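Okay, structure first, notes after.
Predicted model, so just to flag it, every value in this text is computed and none were measured.
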Amino acid sequence: LDKEISNLNTHNVFLVAENRDKAEASWRVLRNDDRTPPMDKKDSTDLLEPFNFYVHRASKTDPTAAPNGCDALLILVPCPTLLRNADVANLPREKALEFYRQQFDDEIVAKARKAVLKRLAAMNGNDESLK
């Protein structure tokens with residue numbers, strides 16, 4: 001990021017806390033082995049509403065991880081395991097990555113990114129530049 005989010009520690013876990021059902025629903029996507037790629041719209045809704053996530057702020061403890069006044073973040077969002085395909089193991093790296101990217105469309109990735117940035121903005125004084 002081109003700014004620091006000083007309210008973050010090195011390791012941060014964001015949990016859905018409204019109620020137990022919503023907290024458990026956030027992890028349901030990790031237990032669903034019945035899907036086939038690409039994910040359909042119902043799967044994308046299950047992935048995004050609600051969800052827990054983890055943020056690692058490397059620059060909090062390692063000043064070389066980001067330029068001065070900036071932050072380096074790694075964000076992990078629960079999602080289904082990529083479906084493996086033995087034929088992909090023999091493909092060049094870029095073609096294999098493209099095969100796996102097709103399992104999550106751009107809309108799903110954009111919605112997850114927007115939700116995470118909205119949550120980070122809220123903890124950073126509703127910083128509009130993060131939304």
Partner of Arg57 under side-chain contact (heavy atoms from CB on, under 4.5 Å), picked from Thr10, Leu74, Leu73, is Leu73

Calculate, to the nearest 0.5 Å, the distance between atoms CG and CG belonging to Leu76 and Asn52 respectively. 12.5 Å

Considering all heavy atoms of both residues, which atom of Asp71 and which atom of Ile5 are nearest to each other, and what is their separation? OD2-N, 2.6 Å

Over 60° means perpendicular and under 30° means parallel, so tell me whether Tyr54 and His56 are parallel, tilted or perpendicular. parallel

Working to the nearest 0.5 Å, report the span between CG of Leu91 and CG of Leu97. 10.5 Å

Expected output: side-chain Ser59 to main-chain Ala72 donor-acceptor under 3.5 Å: yes

Could you tell me whether the side chain of Met123 reaches within less than 4.5 Å of the side chain of Leu8, counting heavy atoms only? yes

Are the side chain of Asp62 and the backbone of Thr64 linked by a donor-acceptor contact shorter than 3.5 Å? yes

Approximate separation, where rounding is to 0.5 Å, of Glu107 CD and Lys111 NZ: 4.0 Å

Non-hydrogen atoms of Asn9 and Asn12 that approach each other most closely: O-ND2, 2.7 Å

For Ala112 and Phe51, the nearest pair of non-hydrogen atoms, with its separation, is O-CZ, 4.0 Å

State whether Arg101 and Glu98 are salt-bridged, where the test is any N-O pair (Lys NZ or Arg NE/NH1/NH2 against Asp/Glu carboxylate O) under 4.0 Å. yes

Can Leu120 and Phe14 be said to form a side chain to side chain contact (heavy atoms under 4.5 Å, CB included), step by step? CA-CA 10 Å; Leu120 293 177; Phe14 290 80; 3.8 Å; yes

Quick check for you: to the nearest 0.5 Å, what is the distance between Asp106 atom CG and Arg113 atom CZ? 9.0 Å

Out of curiosity, Cys70 SG to Glu4 CD, how far, rounded to the nearest 0.5 Å? 8.0 Å

